[in-house]
Amino acid sequence: MAQPQMRKPVEYFLDNKKFLHPKFAANYGNWKYHDRPRPGVLHHVSKTGDEVWTVRCGTQRQMDIYTIRTLCDIADQYGEGYIRFTIRSNAEIMVSEEKKVAPLIEALEKAGFPVGGTGNSVSMVAHTQGWLHCDIPGTDASGVVKAMMDELFEEFKNEQMPNRVRLSTSCCEINCGGQADIAVVIQHTKPPKINHDLVANVCERPAVVARCPVAAIRPALVNGKPSLEVDEKKCVCCGACYPPCPPMQINDPEHSKIAIWVGGKNSNARSKPTFHKLVAAGLPNNPPRWPEVNAVVKKILMTYKEDARPWERMADWIERIGWPRFFEKTGLPFTKYMIDDWRGGRYNLNASTHIRF
Amino acid sequence: MAQPQMRKPVEYFLDNKKFLHPKFAANYGNWKYHDRPRPGVLHHVSKTGDEVWTVRCGTQRQMDIYTIRTLCDIADQYGEGYIRFTIRSNAEIMVSEEKKVAPLIEALEKAGFPVGGTGNSVSMVAHTQGWLHCDIPGTDASGVVKAMMDELFEEFKNEQMPNRVRLSTSCCEINCGGQADIAVVIQHTKPPKINHDLVANVCERPAVVARCPVAAIRPALVNGKPSLEVDEKKCVCCGACYPPCPPMQINDPEHSKIAIWVGGKNSNARSKPTFHKLVAAGLPNNPPRWPEVNAVVKKILMTYKEDARPWERMADWIERIGWPRFFEKTGLPFTKYMIDDWRGGRYNLNASTHIRF
Amino acid sequence: MAKQPHPTPMLDELEKGPWPSFITGLKRLAKEKDYVVDLLGHLEHSYETRKGYWKGGTVGVFGYGGGVIPRFTEIKDEKGEPRFKDAAEFHTLRVMPPPGMHYDTATLRKFCDIWEKYGSGLIALHGQSGDIMFQGCTTENVQKAFDEINEMGFDLGGAGPAVRTAMSCVGAARCEQSCYDEAKAHHKIINNFLDDIHRPALPYKFKFKFSGCPNDCMNSIQRADMAVIGTWRDNIQTDDELGKKWFAKHGMNELVNDVVAMCPTRALQIKDAKDVRRDNPYISAVALNDTQCLEIDNKDCVRCMHCINVMTGALAPGKDKGATILVGGKSHLKIGALMGTVIVPFMKLETEEDFDKLVELAQNIVDFFAENALEHERAGEMIERIGLANFLEGIGLDVDPNMVNNPRMNPYVRTDGWDEEVAKINAKKQAAAA
Amino acid sequence: MAKQPHPTPMLDELEKGPWPSFITGLKRLAKEKDYVVDLLGHLEHSYETRKGYWKGGTVGVFGYGGGVIPRFTEIKDEKGEPRFKDAAEFHTLRVMPPPGMHYDTATLRKFCDIWEKYGSGLIALHGQSGDIMFQGCTTENVQKAFDEINEMGFDLGGAGPAVRTAMSCVGAARCEQSCYDEAKAHHKIINNFLDDIHRPALPYKFKFKFSGCPNDCMNSIQRADMAVIGTWRDNIQTDDELGKKWFAKHGMNELVNDVVAMCPTRALQIKDAKDVRRDNPYISAVALNDTQCLEIDNKDCVRCMHCINVMTGALAPGKDKGATILVGGKSHLKIGALMGTVIVPFMKLETEEDFDKLVELAQNIVDFFAENALEHERAGEMIERIGLANFLEGIGLDVDPNMVNNPRMNPYVRTDGWDEEVAKINAKKQAAAA
Ligand code: SRM
Ligand code: SRM
Ligand code: SRM
Ligand code: SRM
Ligand code: SF4
Ligand code: SF4
Ligand code: SF4
Ligand code: SF4
Ligand code: SF4
Ligand code: SF4
Ligand code: SF4
Ligand code: SF4
């Protein structure tokens, strides 16, 4: 591949100084406080008295260049030529005068960019590649998210939740989308079907064997050819063998289901960070709009909205009311699959008589 | 062994009805509340208005018959003929009239039975067999406890602690003494020395190999005879191999040290039950009075006494002030040995930025 | 008069100080018994060399496989003869005490007499598993001593891979917190398992403990393979008179700092009497004075006992009492110490049938343990190995979210039975509702 | 004008509804590009069959071993020819964004132009690791696209067993909570590891993330092998004017319920101004009105941010700022998801030397990881395997009780180095005091 005439890359990671809105640069490290004049707008005040308004809007993350150019047009015309993106693929356009806020919002919304996602709203769903690009996806994260955000549109645009709500969606159990208040993740339910003809050529067998978290894979001769064998009793259908060995087909139109997890929290506010927990599984992977998944997500969200106290994140709320009541209030069944039996699983068992009746 | 003329045992577990103090029997399951008129005395009032006073006194647990008979004499003369024992080997003598309390106390104390151990006092130390009887002891629990209770005598007789204090002492790492606010436990520091001559005859080798928690033992031929070998890099010196295989001598006059653990809690009051945690090790096993051990125990107790709020057990107190401050206040060094690396050890690491500076 | 005592300079140090001395006790016995003279010599030798010198063996009583802990000296002279020959054998009889460890003096005196006759005269009240430990007996006398003890109505406890002696708290006999008849449960269960106690044939030991309330005075959660801990389902009971009395004595600061602020789930609030949510069926309240109340949201309460402990009588466990069952507590061999975990959040313990159900549950668990545990594997370790869900299925119990701190945080589970599971749960719900 | 679109009845459904539709975007592109016409056909096929059809391969740019994610179609006809042949290759370039993801519109427009020329026209802002993902490129065009992007000053991010693209929060640029210069740390660290980013040679991936305070807006604790999270050591700063303003707006009930009662360590109390413990150096207080204050016991505060979040400006992080370093966060392969755990409770990040020390620490950690991790083992898994204490020793850091929730609860540790350890600790303490 390396041809002599090719350009040598300039290896350098660039600074952000020249991309900063001038108010950001001028008040770098010198901010005093902020408030939110309305949903979607942050107003930051610096120690010198300088002010900046940030208008946040949702995007589809995977944007066509026309969409990006439209954003740029708006930022140039109504903003001040700078755009930043949040970790949740929301765009933020900054202005240094309050009077510019309303026209900017209008322009964004007119162009189809919903303004919101700040404070105690439901922000955009962190999500992953899906069928559009990944080599191992069980579903199309972008599609699930589009359908979900359509339903949660008003929750994005308003700040009516007890605290901020972080959602994520991942197209395989690897969960590149991350921990979240509510996470939607593919959960395979059958062991991989092995295409034995291909194993010998495509897979480094010891590596695959080593990847399995439950040691369910062993090398085997199948039809006289070196292949692999899965102990289906042990297999937890995690799909970890699939990336290093594509013939171990884990994805299945019927048996790759969707699971819902709640109560993940990365921030250290109040309680320590914690992982999300399984509360529903076996949901059909039902494109193009995944109604069953959306119904469960909405049910959980609305129960939280109604029942949690201000500033309680999903995890804090459940911690207060207890899991039995979470299942009661959401109407979700508590099944044996939710009882942890993985390493360290005992730390998740109730080793006390602390019980809410 | 079984001889035909031998007596066939009557297999029956007896009821306690006939051993109950008459007030207990009459008000069984019908008590309303209690108070403690003074340390060592419980006053229970039943829903019918019946009252009973219980006077609690310490004993040496391993009692000679003369001591027991003295107790019986006192219970007959000053009490009402009934004695019960607590889980901590304290004796309790019940009377149904308040006026009998003072003479009973006087008689007990005159006979050398300290009255106390109730409420927020330091009760008698739960302890184990030691050199007097066990086949695997590293120290003499009864001796350690006698020396310790001599020092804590006033704390037994008074109720000046923030909450009740439960101590335990165990003569090997098996810890028959149990979880406690402060536990004193033997901690071996060298792998077992194997008496190879005896292994073949005395040990069931597969059983011993299976007992080791870290799989450090393997069968080996030593001097042509079947014996065992210990991987000293792996061995955690727990002594679990010793009971099934006495030639694996773990006890050592020098290297069997004493460790101190704090914050064990079995009750569900406030916080959930929790295990005790290692806070000091390497203390010499120093009969007959173990002054080094006593010094550490007392230092911890006195720090707790001074610093904890009412009703905070040791674990609650430390939970509030944080471990860094526990070590600061007690002056004990925090060493690498305290960082858990056993299964599930990660649950004991600080996976947050919650830090007290 | 016994023989000349050995010099015991180290042990003598343990006669000093105010706490009752077991050495002084042994010396008293040594005045009459050569047995104890040599025992003291034996122990002094341990103190000097910092080592123990007893080894096990096989000693028992007719008809039983356990209950005696045999001890033979290892302090030998050059010829292999015991150096403390009068104490060459020092066995212990483990005898089960009555539930709650209640005695009349006559019984204790009789124990003393028997042990004066056949044993060393040393009795531990009690061992950590609750046994009366008759300590120090020759092989020859073990059977004789046992026969007399057994004639009194007492029986041997467990040792080895057996069901073990159980313990129950003073509970209903004297304690206002008691939520079920601990002694009755204890009595029924042990009588059900006598064969498993006396003839060790389980994979490993199995212990029961009974505490009348979540204070768990028997430390059952940590030390029992099966713990029965009293609790209640309805509202905390209140007594306004005692509430006011408490408040008059302790005041608002203590109430706030020691009670309200220490409730683990913030179920307590101080309210003006008029603001108490009387219409809410899960609210209970106790008067503090004529205008103020302490209000309890019983839906948030986790039955930790704290407020009840502090304000005994003013607050009390509810009326709908019973017990929580936890399984798997044990010490740390070989996977680290385990607490018991909830397998039955609540079970009524009132009628004879209720208690029979408890015994039945215990029997199911022990049977499952006997069949499924590996050698030297405790119930808790077995559950850790096979998973709680499988254990529950094995003994026929339904899963319940009260059994977990939280649902699993990892996807390592095969969920292809999901729909079936949910159908089963729904069918049961419907059946229960019908 | 591009070729005729494939029918996409399922995808069309995703054009409905108010949220911006990526399908609508793709259709816009498809008007001009056959590439995207076939991509839509490809995706519709996935929707119909519920399966993905991309496989990996080897594609890269000159001089680098990673940074491009190659994708080749697996939808083939009977002859093995791609059914959607214009989208047979659909590679992604991962490009590192500036710290904090700030852009001027000129830069974004230039990206669009380049991607219009060489790629599909689809750009994801951003991937979950923070990359600008230029999605959809033929093998042929990868180098050309990269060259132009690189000319702009941008560089490829990581892929495979390499140091990966990092992320930092908006932080100092706009946020009053920022406790260090996130962008600077991000910038310095990444520049230090460019070789490890571009030439994957580690046992597995290694990610850095930078959050300016414990709110951790970058989710670094869970997603970064090394997380740098801002914090402070001294007292929370207060501003009476903003305090009063907050109180006037929100009142006592909100203060009690939303602030005081939610502090995890009960470090907050409401006090009469005169009762504030002004003589205690660890106390700070903010005025609520002329007579009342909110008092903070900073010794009890665990820097969780909650009260500061609610009362922004009135309360603020202290002045003695820096960062906590945590190592080991990652997703759940193959031992279950891990949070990072504290390895440096506090480190100053002010001077150039401070930042150099951070880079040095990072380098030590990556070196140790490179040498000690097994293949496909993340840093967190390695630490779990070897034990945190050994890891700390390996990289030369002292143990500290802030690294644990609590000391070990099991005796499975060999402590024969105890005296030496204690001597070392004491020597260090003395040296520090001297
Ligand atoms: C812009 C952004 C950082 C960035 O560089 O991109 C950001 C910005 C701010 N965050 Fe954040 N957070 C951002 C992602 C996060 C995340 C990560 C995520 O969304 O995946 C978290 C962790 C969530 C979790 O726990 O899993 C996060 C946890 C917080 C918290 C703690 C919330 C809590 O109570 O648990 C605060 C404090 C607060 O809400 O006042 C906070 C506060 C803030 C403040 C108020 C800080 C400030 O004073 O300026 C910023 C405005 C927030 C707002 O939306 O109202 N930010 N914040 C991110 C916006 C994401 C979005 O578009 O929705
Ligand atoms: C007599 C005894 C039960 C028995 O059947 O033997 C007993 C009896 C009582 N306990 Fe207990 N507890 C007894 C061992 C325990 C134990 C186990 C132990 O000591 O090893 C515990 C668990 C300790 C632990 O967590 O590790 C225990 C945890 C409690 C608690 C919860 C304390 C806490 O706040 O954590 C209470 C509640 C209280 O203190 O008011 C309690 C309360 C009580 C009360 C007040 C109950 C009552 O209303 O009568 C009894 C009088 C206590 C007193 O000493 O003032 N009892 N109690 C035990 C006396 C032991 C002794 O001689 O010192
Ligand atoms: C006598 C006693 C200590 C005492 O002085 O009170 C005792 C003594 C012994 N225990 Fe224990 N344990 C005693 C109560 C306990 C307890 C407390 C309890 O029962 O509540 C425990 C913790 C709870 C538990 O069961 O886990 C306990 C946990 C152990 C263990 C660890 C079991 C584990 O799974 O971790 C062993 C080791 C074993 O079983 O292999 C053990 C083993 C032993 C052996 C048999 C040592 C051996 O393996 O050779 C000791 C015999 C000593 C002797 O000479 O009598 N002992 N042992 C206690 C029994 C007296 C009685 O019958 O009343
Ligand atoms: C593209 C992206 C999802 C997205 O749409 O945003 C992604 C996509 C893939 N991830 Fe990821 N991961 C992406 C961010 C993450 C994150 C989030 C993060 O970096 O903060 C995580 C969780 C944090 C972590 O690193 O653990 C993540 C955890 C994984 C894992 C699990 C690692 C583990 O130790 O548990 C794998 C599997 C592996 O490495 O073998 C993985 C593997 C993959 C692979 C390479 C699948 C594979 O093995 O073939 C995916 C390539 C997809 C593609 O076609 O582009 N991806 N992956 C994200 C990277 C974009 C970017 O560069 O900005
Ligand atoms: S979650 Fe799985 S399928 Fe989706 S992008 Fe990540 S690795 Fe690919
Ligand atoms: S799916 Fe997971 S558990 Fe099953 S064989 Fe593959 S790696 Fe192992
Ligand atoms: S703690 Fe160890 S030495 Fe002591 S009695 Fe128990 S088993 Fe024996
Ligand atoms: S002492 Fe413990 S770790 Fe060492 S060989 Fe014996 S059983 Fe194994
Ligand atoms: S466990 Fe409860 S019922 Fe039993 S004695 Fe203790 S406080 Fe009373
Ligand atoms: S018993 Fe209930 S209300 Fe009382 S302190 Fe415990 S949890 Fe709170
Ligand atoms: S992590 Fe802290 S400093 Fe960074 S943006 Fe979030 S709140 Fe601000
Ligand atoms: S920042 Fe400190 S004082 Fe404020 S809520 Fe968190 S722990 Fe409490």
Side-chain angles (χ1 to χ4, degrees), chain A residues 2 6-7 9-11 13-16 19-20 24 28-29 31-33 44 59-69 72 75-76 81-85 112 131 135 137 142-143 146 149-150 153 175-176 178-179 213 240 251 253 266-270 273 275 285 287-289 310-311 342, chain D residues 10 13-14 17-20 22 25 28-29 46-47 50-52 54-56 62-63 98-105 108-109 112 116 121-122 124-125 128 147 150 153 172-174 176 183 187 190-191 194 214-216 219 221-222 258 262 264 304-306 312-313 331 333-334 336-337 339:
Chain A
M6 284 181 95
R7 178 180 167 278
V10 181
E11 287 189 65
F13 176 56
L14 81 185
D15 204 343
N16 68 6
F19 303 110
L20 293 176
F24 288 4
Y28 199 86
W31 296 97
K32 182 154 179 60
Y33 73 97
H44 283 84
T59 78
Q60 59 272 59
R61 182 173 93 135
Q62 261 113 291
M63 284 178 279
D64 56 290
I65 49 176
Y66 305 110
T67 297
I68 298 174
R69 284 174 182 152
C72 289
D76 285 339
Y82 292 87
I83 302 179
R84 75 172 293 272
F85 290 88
W131 290 326
D135 53 344
S142 316
K146 159 69 179 148
M149 287 309 292
D150 280 345
F153 195 65
N175 190 30
C176 299
Q179 299 293 317
N251 284 312
N266 296 285
S267 94
N268 289 274
R270 299 169 304 282
F275 297 107
N285 182 16
R289 294 200 67 98
W311 293 95
W342 183 244
Chain D
M10 291 190 96
E13 290 295 313
L14 289 176
W19 191 258
F22 70 111
R28 262 192 302 256
L29 293 170
S46 279
Y47 269 64
R50 302 185 188 187
K51 282 188 102 168
W54 297 112
K55 70 161 194 269
F62 174 67
M101 296 171 172
H102 300 269
Y103 301 97
D104 52 18
T105 50
L108 291 174
R109 287 183 199 277
C112 291
E116 187 163 34
L122 191 70
L125 290 160
Q128 291 303 324
D147 284 344
N150 191 224
R174 191 188 64 197
E176 68 272 18
H187 183 247
I190 289 300
N191 271 317
L194 286 171
N215 280 330
D216 196 4
N219 297 338
I221 191 165
Q222 211 287 297
D258 297 357
M262 282 188 159
C304 87
M305 291 298 297
H306 176 72
T312 158
S331 199
L333 292 179
K334 79 184 218 181
M339 297 278 174

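Fair warning: this is a prediction, and the values are worked out from it, not measured in the lab.
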Cut-off 4.5 Å, heavy atoms of chain A, and the answer for L14(D) is both

From the list L333(D), N191(D), D258(D), the residue making the most non-hydrogen contacts under 4.5 Å with chain A is N191(D)

Value for CZ (R7(A)) from CG (D147(D)), rounded to nearest 0.5 Å, stands at 4.5 Å

Max heavy-atom pairs within cutoff under 4.5 Å with chain A, candidates K51(D), M101(D), H102(D), goes to H102(D)

Those residues at least two apart in sequence (or on a different chain) that pass side-chain hydrogen bond (donor to acceptor under 3.5 Å, both in side chains) with N268(A) are T353(B)

Interface check, chain A: of F22(D), W19(D), Y103(D), most non-hydrogen pairs under 4.5 Å belong to W19(D)

Looking only at G52(D), S331(D), G313(D), P214(D), most heavy-atom pairs under 4.5 Å shared with chain A are made by P214(D)

When the 4.5 angstrom heavy-atom criterion is applied to F275(A) and chain D, the contacting part is both

Looking only at R61(A), Q62(A), R289(A), the option with the highest number of non-hydrogen pairs under 4.5 Å against chain D is R61(A)

Turns out that what part of K55(D) lies under 4.5 Å from chain A's heavy atoms comes down to backbone

R270(A) meets the salt bridge (charged side-chain N to carboxylate O under 4.0 Å, His left out) criterion, sequence neighbours left out, with D316(A)

Q) Are the side chain of W54(D) and the backbone N or O of W131(A) linked by a donor-acceptor pair below 3.5 Å? A) yes

Looking only at H187(D), M305(D), M10(D), most heavy-atom pairs under 4.5 Å shared with chain A are made by H187(D)

